[in-house]
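What follows is a single structure, written as structure tokens, with notes after it.
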Amino acid sequence: MSAKIWALSGAFAVIIATFYIGWRSSRTASTAQDFLVARRTVRSRRNAAAVSGEYLSAASFLGVAGLVLKDGADALWYPIGFTAGYLALMLFVAAPLRRSGAYTLPDFCEARLGSRALRGLAAVFVVFIGILYVVPQLQLAGQALANILPVPTWVGATVVTVVVIVNVFGGGMRAITVVQAFQYWLKLFAIAAPTFVMCLLFIGNGGLRDGQATTLTEALPPTFTQNTEIDVRTPVLLRVEDPVWLAARGETDGEPAMGTVYWGPGTHEVAAGTTLHFSKGSSVPVVAGAPADNESWLAPASNGGDLFSTYSLILALFLGTMGLPHVLVRFYTNPDGRAARRTTLHVLLLLSLFYLFPIMLGALSRLYVPELLVTGQTDAAVLNLPHSIAPGILGDILGAVLTAGAFAAFLSTSSGLVVSVSGVLSTDVLRGRVRDFRFATAVAGGVPLALAIAVRQTDISLTVGMSFALAASTFCPILLLGVWWRKLTWVGAAAGMIVGGGLVLASLVINTISNLTGGWAPSVFSQPAIITVPAAFLTVILVSKATPAKIPADVAQIRLRMHAPDNLGLTRDRAVASFGTAEERSRLADGRHRKE
Amino acid sequence: MSRHSAGPGREEQGPRRSYTDPPTKPRRKRVVLADSRAPVTRLRTVIELEEQTSYGEELVRQLIRAQFKQAMKFWLATLAFFLALPALFFFLPQLSQTTLAGVRLPWLVLGLLPFPLLFGVGYWYNVVAERQERDFVAMVEK
């Protein structure tokens with residue numbers, strides 16, 4: 001019980017600290033002018049911490065370790081892709097986008113291509129991406145809270161949604177860079193310190209406890225480190241490599257089971273509501289589709305299908321980051337294009353630092369919490385690991401620190417996305433009054449909450465991978481071609497967005513249906529980027545070439561502004577033109593951009 | 001800051017005063033053909049860029065092309081490295097068996113190496129891109 005109190009107080013402390021820092025810094029910057037103008041003076045180092053703080057979601061904090069536990073070397077592509085996306089952003093988009101003066105993605109579409117219709121379409125996809133990204137965060141929040149307290153999963157999701165909406169109402173948590181920067185350092189500490197302690201314990205104990213467990217290089221399945229009881233909540237198909245004796249209560253392989261059961265090599269079906277007992281030292285059955293023994297877990301892509309989905313994943317993650325609405329909006333905080341590039345460089349450093357730890361935790365959990373492989377709910381690995389490695393007060397404290405980090409991840413990413421989505425909703429769909437913003441916030445929080453409760457939970461990194469695919473197939477072509485290709489037209493951009501986005505959403509629907517009806521869809525439907533991204537690029541280029549009359553008249557002027565070095569002073573900020581102070585606007589009319 | 005304090009409107013102040021004079025007798029004007037002060041020359045080139053004269057347009061086109069080439073070089077090199085890895089481990093499975101300092105090679109190459117590599121590429125690009133921009137500004141100001 002004390003473990004639960006520790007973990008609960010960790011989560012609670014994070015929520016309080018977030019409120020407090022947000023409240024303290026919002027006292028100094030409260031007006032709309034402050035809000036926009038003060039933002040553009042943020043130093044690149046702090047800005048980078050804020051970008052990373054907003055970016056490191058539960059998919060990074062919990063999901064990466066869980067996937068490493070399940071899929072081994074193949075899962076390492078997730079942290080690589082999450083980081084490499086920023087290199088693409090830095091090389092092609094960061095500085096020109098900042099100099100274009102656009103504030104959000106729809107704003108960029110309008111600024112570059114001069115079409116209100118395209119702006120509306122872009123707003124729709126921002127909403128889709130945002131919702132698709134928030135849903136798994138909320139589901140995982142529910143799971144994390146259910147881990148601590150005996151409550152159903154919807155409670156945790158609701159708590160996080162309420163905290164986010166209250167925070168956004170009370171001045172916009174995301175608006176304040178300091179809060180997000182704080183969240184980054186909190187998350188880094190919350191994952192680094194426990195990893196160090198657990199690695200020390202692992203080495204200090206002379207490796208594996210009692211020498212019972214399978215080492216990671218053996219061609220054997222992992223083994224249970226203690227007598228384990230598992231409640232199967234959703235029906236699951238397991239693969240057994242080594243014959244295993246267990247006690248089951250419920251239904252296995254389509255027959256009612258009561259007492260001792262023998263599972264030979266092959267696949268075995270377990271119905272929902274079944275309880276399985278495994279004794280210490282017996283080998284762990286693994287959910288079908290994941291590598292069953294440690295030898296193949298260690299090696300990357302061992303068959304052609306894996307190779308194909310690995311490439312699809314690489315494409316989605318490498319190109320998707322630049323299209324995420326909550327990331328791009330932060331680049332406007334930079335004073336100029338050069339600072340935007342430097343910020344991205346710092347982000348690369350901060351993310352590189354962070355991702356070393358979930359990988360280590362994933363490998364440790366293969367040894368210490370293999371029981372998660374039976375239910376397939378490996379996202380819980382990070383939170384379950386401390387008690388398995390260090391029973392007692394030390395494990396409680398480590399667990400509390402990790403829970404605090406996880407809640408920081410839920411809160412920062414969800415609020416970043418809710419603010420981006422509701423900002424776009426209120427200005428581009430509604431009429432942009434304060435009342436509209438409040439209504440939009442309620443929608444941007446409420447719809448994902450409803451979906452999170454209604455839709456069945458899958459691995460968070462897979463769902464997040466889908467929203468990267470959506471971003472890569474809609475906004476990535478518009479950004480890349482918009483920045484570098486003169487002949488882009490709004491018709492081409494719109495067609496590309498509809499084709500790319502439509503394909504991704506179609507495969508999302510097919511994949512969801514297939515998950516509910518026995519998983520018949522091939523793996524390309526769970527990560528379609530390898531087809532949708534080239535399709536989107538091709539559509540944009542072909543349609544743009546067919547409509548040369550729609551090239552905006554001032555394209556040369558816009559391109560000059562995006563690419564000319566900052567100290568020539570050609571940049572104009574769009575948001576300042578509409579919301580800035582009189583002094584700011586006169587400076588704008590003078591054609592001079594404010595310098596540091 | 002000092003570079004921008006000389007706004008483009010400054011030269012107009014002289015002629016404006018002539019409106020108060022009677023139209024019959026033109027006022028004497030000082031005609032300046034060349035000004036040795038640096039900011040004015042610099043501004044003229046910037047105006048040329050902004051007004052899209054053929055020279056200005058050509059300059060911008062060259063700049064964008066150079067920037068694109070530079071970014072593409074870095075991107076293709078990085079991408080080639082990462083795209084080669086899955087195929088390499090797939091077609092040469094014995095690579096996955098190799099152990100270096102007690103850790104399997106794929107885990108070093110995929111779990112550790114990419115991060116310093118990505119940061120290194122980013123750092124290098126930042127240096128190159130900033131130099132390129134300085135060069136362009138220097139050329140425009142010349």
Notebook entry, point to check: About how many Å separate CG of B:L110 and CD1 of A:I80, when rounded to the nearest 0.5 Å?
Noted result: 5.0 Å
Notebook entry, point to check: Heavy atoms, side chains only, cut-off 4.5 Å: are A:F318 and B:W75 in contact?
Noted result: yes
Item checked: Inter-residue atom distance A:L76.CG - B:L112.CG, 0.5 Å rounding -> 10.5 Å
Next item on the list: Look at the rings of B:F82 and A:W77 and say which category their plane angle falls in: under 30° parallel, 30 to 60° tilted, over 60° perpendicular.
Entry: perpendicular
Checklist line | Pick from B:L83, B:T78, B:L105 with the largest number of heavy-atom pairs that fall under 4.5 Å of chain A | finding: B:L83
Notebook entry, point to check: Are any non-hydrogen side-chain atoms of B:P114 and A:Y355 less than 4.5 angstrom apart?
Noted result: no
Note to self: Testing the basics here: between A:T310 and B:P86, what is the closest heavy-atom pair and its distance to 0.1 Å?
What the structure shows: CG2-CG, 4.0 Å
Check: About how many Å separate OG1 of A:T83 and CG of B:L117, when rounded to the nearest 0.5 Å?
Finding: 11.5 Å
Notebook entry, point to check: Going from CG on A:L351 to CZ on B:F119, what distance comes out if it is rounded to the nearest 0.5 angstrom?
Noted result: 11.5 Å
Next item on the list: Using a strict cut-off of less than 4.0 Å between a Lys/Arg side-chain nitrogen and an Asp/Glu carboxylate oxygen, indicate whether A:R338 and B:E130 qualify as a salt bridge.
Entry: yes
Notebook entry, point to check: Of B:E133, B:R65, B:R61, B:Q67, which meets side chain to side chain donor-acceptor pair (under 3.5 Å) against A:H563?
Noted result: B:Q67
Margin query: For a quick test of reading the model, state the closest non-hydrogen atom pair linking B:A71 to A:L91 and the distance between them.
Written below: CB-O, 3.4 Å
Next item on the list: Identify the two heavy atoms, one from B:V137 and one from A:P565, that lie closest to each other, and give their separation to 0.1 Å.
Entry: CG2-CB, 3.6 Å
Next item on the list: Can you tell which part of A:I314 gets under 4.5 Å to a heavy atom of chain B, answering side chain, backbone, both or neither?
Entry: side chain
Notebook entry, point to check: Picking from B:I64, B:L63, B:N126, which has the most non-hydrogen pairs under 4.5 angstrom with chain A?
Noted result: B:I64
Check: Out of curiosity, B:L79 CG to A:L87 CG, how far, rounded to the nearest 0.5 Å?
Finding: 9.5 Å
Note to self: Return the CH2 to CE distance between B:W107 and A:M360, rounded to the nearest 0.5 Å.
What the structure shows: 12.0 Å
Check: Is B:Y123 reaching over with its side chain to a backbone N or O of A:L345, donor-acceptor style, under 3.5 angstrom?
Finding: no
Notebook entry, point to check: Relative to chain B, which segment of A:R559 carries a heavy atom at a distance below 4.5 Å: side chain, backbone, both, or neither?
Noted result: both
Notebook entry, point to check: Measuring heavy-atom distances to chain B, does A:A95 have an atom under 4.5 Å in its side chain, in its backbone, in both, or in neither?
Noted result: neither
